[in-house]
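Structure record follows, encoded as structure tokens.
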Amino acid sequence: MGGNRYAHPSSVPLTKGNTRVEECPTPLKETGSRATAMRRDYSNEYSHWNSVKSLGQWLQEEKVPALFGIDTRMLTKIIRDEGTVLAKIEFDGQHIEISDPNQKNLIAEVSTKEIKVFGKGNPIKVVAVDCGVKHNIIRLLVKQGAEVHLVPWDQDLLSLDYDGLFISNGPGDPSLAETLINNVRKVLESDRPQPVFGICMGNQITALAAGAKSYKLPMGNRGQNQPVLNVMTGQAFITAQNHGYGIDSKSLPAGWSPLFVNANDGTNEGIMHNTKPVFTAQFHPEAKGGPTDTEVIKDFDGVA
Ligand SMILES: NC(=O)CC[C@H](N)C(=O)O
């Protein structure tokens, strides 16, 4: 799965018609999750100039079962009406148990085991908690002048020196990462002056640490055209998203406010502390649809 936690293959195989294998919602090998690829049609002939192998070859190498000839529109309708559903593919005579990845603390499975430093020598020291971080976030932080210390998910944070604390995106149910929630709560209660910023899982962990509640969304928000409003300024953004859990804005305790809201379904898209430099985004500002739409990471490095 190369360097990207979300299983982006290092050499991206492309099939006919420009379809490429894109990020998977959970790291496949590292979590042992049984990811599956499903397509309406599949072409054995691939011809893109950049292709190195077929999609089928890559899936076989990665031990990902795949089906094609499926009416994916019918599946979409089921998911749209029922919400997220578990599914399994069985071959004749080979029974497998269905397993729910949301029962496991997946963050513990994908997080770095030791501290890693990126952008050594850069002037701003950012401690980034690795819940399954997308490498583009590290790249952007480094580009903004940060020396990024990527730490394991259960690292004690109070004992670390930093100019800013970042909590990354990551797979699974945020409420299962209790050690991290408690460590972030200690930071919030310590009145340390350094800014705290979180993306996606980082929003959820920060909100849970503040005392808010998370819940499973009936339909996750995924894709690259989710409209979001900044509650403070009224500014609208088109954002990239990939999450199945949400924070209940109404459960935010005194001293906290929603910062962003989804203009489609009204769900929470980020929070802020009313007086301290703590703010988060549920969407992915590092994966913006346009060049400068959501450069929230700059704001974080600006205050750090
Ligand atoms: N991209 C993320 O960080 C996702 C957060 C969380 N796993 C969710 O599904 O809501």
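Computed from a prediction, not measured in an experiment: that's the story for all the values here. Throughout, numbering of the chain's residues begins at 1 and tracks the sequence. First listed ligand is number 1; within each ligand, the first listed atom is number 1.
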Is there any N or O on D173 that sits under 3.5 Å from an N or O of ligand 1? no

Taking the non-hydrogen atoms of Q204, is any one of them nearer than 4.0 angstrom to ligand 1? yes

Between K88 and E97, is there a salt bridge with N-O shorter than 4.0 Å? no

I'd like to check which ligand 1 atoms, numbered from 1 as shown, lie under 4.0 Å from a non-hydrogen atom of N169. 3 (O)

Numbering the atoms of ligand 1 from 1, which are under 4.0 Å from a heavy atom of P171? 7 (N)

Does any N/O atom on N242 come nearer than 3.5 Å to any N/O atom on ligand 1? yes

Answer with yes or no whether the side chains of Q235 and N230 bring together a donor and an acceptor at under 3.5 Å. no

Compare all side-chain heavy atoms of S54 with those of Y42 and state whether any distance is below 4.5 angstrom. yes

K276/D191 salt bridge by N-O under 4.0 Å criterion: yes

Assess K125 against Y162: is NZ or CZ under 6.0 Å from the centre of the six-membered ring, and within 45 degrees of the ring's axis? no

At the 4.0 Å heavy-atom cut-off, does H284 count as touching ligand 1? yes

Nearest heavy atom to atom 3 (O) of ligand 1 wins, so pick from G170, G172, P174, G132. G170

C200 N/O to ligand 1 N/O under 3.5 Å: no

From CE (M38) to CG (L75), nearest 0.5 Å: 5.5 Å

